[in-house]
Protein chains: 2
Amino acid sequence: MALEEAHWPEELFADLDRTSPLPMYSQVASRLESAIRSGVIPAGGRIESEMAIAERLQISRPTIRRAIQDLVDKGLLVRQRGIGTQVVQGQVERSVELTSLFEDLSQAGISATTTLLDHEVLEADEDVAARLSLPAGDPVLHIRRRRMADGVPVAVLDNHLPGEFADLLPASLEGAGLYQLLRSRGVGIRIAQQRIGARACTPDEASLLEMEPGAPVLTMERLTYDHTGRAIELGRHAYHPDRYSFSTTLVAR
Amino acid sequence: MALEEAHWPEELFADLDRTSPLPMYSQVASRLESAIRSGVIPAGGRIESEMAIAERLQISRPTIRRAIQDLVDKGLLVRQRGIGTQVVQGQVERSVELTSLFEDLSQAGISATTTLLDHEVLEADEDVAARLSLPAGDPVLHIRRRRMADGVPVAVLDNHLPGEFADLLPASLEGAGLYQLLRSRGVGIRIAQQRIGARACTPDEASLLEMEPGAPVLTMERLTYDHTGRAIELGRHAYHPDRYSFSTTLVAR
DNA sequence: GCAGGTTAATTGTCTCAACATTATGCCCAC
DNA sequence: GTGGGCATAATGTTGAGACAATTAACCTGC
């Protein structure tokens, strides 16, 4: 075998739990990811074959394949028919997932705080209505916030939500991330379509983000759908580009 | 059933071909996607159950599930245990896939042309070497290009590739996209890690992109891996933000 | 009219199995 | 020494099946 054979430590899969509510494929994927990120399974190396892992764990091959596929989707592994599965060279960053900025920052151990600048119920104009798949004139909640990270302004967030969310309280919006609040009322956040661009900041944004007027901001327009396929949020965000960027991993289909 | 029952035209799956080299799950996914994008399967509507589609097509349920999963991954469908599978409301854009800008533009029917500004073989500095997982000092090909779309400058592209690609000819690089050239020599492009940001353009970029000095550019740094997991390209791109943005779809895991 | 239990529909997970395709390495004949 | 054929290893595709979990609708008793 041209590449280094895997010698995996006994404890790599020691705590797999068939009685866990967490599916087995997810547990296996998680263990493999940890081993890759920690270097236990070296970058550039080949991992054991699907059959070998299935035999080692006494788990079916389709379940192992499902675990490996998750890591392929994350850009950590590549597979080749007839050869095997390899770990990508170098260190792979974690991609942006479907979370709010608040969650991103909290997960990165950064203290995130929010100032609510605007909170009003409006009649949706035609553009907002079209984006949210609502009739024009329907009520929507419009909020505008500034997000700080460790005391430094990072983003200005402008969001429209359908009228059913009009009862989101200002205090709630300052104390938690928007997606947390939505989840806590039973909304399953499933899909977000994003368009990422750049432009010069407005005078208002310059002031809020402590930038020179006309300086570049990174922008992101996002339309989010829930578990029933309904549009639940239209967001237009402006980020200070020295303090925020988007990481993504693309995997060829 | 609360939502509209599917009444699918006979011809939706008329030309599925069991003898095709294209896998059946891919054919089914493709037909469903076309039907969704054309409105034959309406936005917001529910699709037939997995079992119903499997019976209709005399194809196994795992194969149908694989097809549906592809559309879920594209952000077109959402599934709910106990309820069924729904089409997302509104029109879903196609996400950026793992292609070069040249391919993006060509696929959008835009005439893309390239001017090669720099083409040199260098010894990799420590940063480039680290990113490409090469020893410092190893030869790398450095190219810099300006990409025009329909006669208008869109991007300045700065790329480093490992020394084995040093024989890529200037004429080739102007006549075709980088990824086309790589594929034509057997490189399977599989994964790209991207970091998207913004900054002020440099004087040189201002000139090349016909912008005011200091105006915002959209930036993208990309590290691309091939089918063996090796790093094959480090790209640093600057885009005119009025002429280019990134669309992505995030799907909750 | 409402609440609780039951049933049905549907997706989610896992198992087992077979065959296809690709890639590589080995062996043998020339 | 080289080329072609064959075998092996590994992933890719498809099928069949069983059971679990979730959700909604329906029915019954109060």
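First the proteins, then the strands, lettered A, B, ... as listed; each starts at 1.
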Quickly work out the [X] [atom1] to [N] [atom2] distance and round it to whole Å.
X	N	atom1	atom2	result
A:Ile64	C:dA17	CD1	P	16 Å
A:Glu55	C:dA17	CD	C1'	14 Å
A:Arg190	C:dT11	CZ	P	14 Å
A:Ile53	D:dA9	CD1	C1'	15 Å

B:Arg31 to B:Phe13 six-membered ring, cation-pi geometry met (6.0 Å, 45°):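 B:Arg31 over B:Phe13 ring: no.
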Close N or O pairs between protein and nucleotides 11-15 of chain D (under 3.5 Å):
from	atom 1	to	atom 2	distance (Å)
D:dT11	OP1	A:Thr85	OG1	3.0
D:dT11	OP2	A:Glu50	N	2.8
D:dG12	OP2	A:Arg65	NH1	3.4
D:dG12	OP2	A:Arg79	NE	3.0
D:dG12	OP2	A:Arg79	NH1	3.4
D:dG12	OP2	A:Arg79	NH2	3.3
D:dG12	O4'	A:Arg81	NE	3.3
D:dG12	O4'	A:Arg81	NH2	2.9
D:dG12	N7	A:Arg61	NH2	2.8
D:dG12	O6	A:Arg61	NH1	3.2
D:dT13	OP1	B:Tyr25	OH	3.0
D:dT13	OP2	B:Tyr25	OH	3.4
D:dT14	OP1	B:Met24	N	2.4
D:dT14	OP2	B:Tyr25	N	3.4
D:dG15	OP1	B:Arg18	NH1	2.8
D:dG15	OP2	B:Ser60	N	2.9
D:dG15	OP2	B:Ser60	OG	3.1
D:dG15	OP2	B:Thr63	OG1	3.0

Results of side chain to side chain donor-acceptor pair (under 3.5 Å) for B:Ser106 - residues two or more places apart only: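 Side chain to side chain donor-acceptor pair (under 3.5 Å) check on B:Ser106 returns nothing, list empty.
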Suppose we screen for ring-ring contact (aromatic ring centres under 6.0 Å, His included). Which residues come up paired with [X], at least two apart in sequence or across chains?
X	answer
A:Phe102	none
A:His227	none
A:Phe246	A:Tyr239, A:Tyr244

Sequence-distant partners of A:Asp226, salt bridge (Lys or Arg N to Asp or Glu O under 4.0 Å), two or more places apart: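 A:Arg230.
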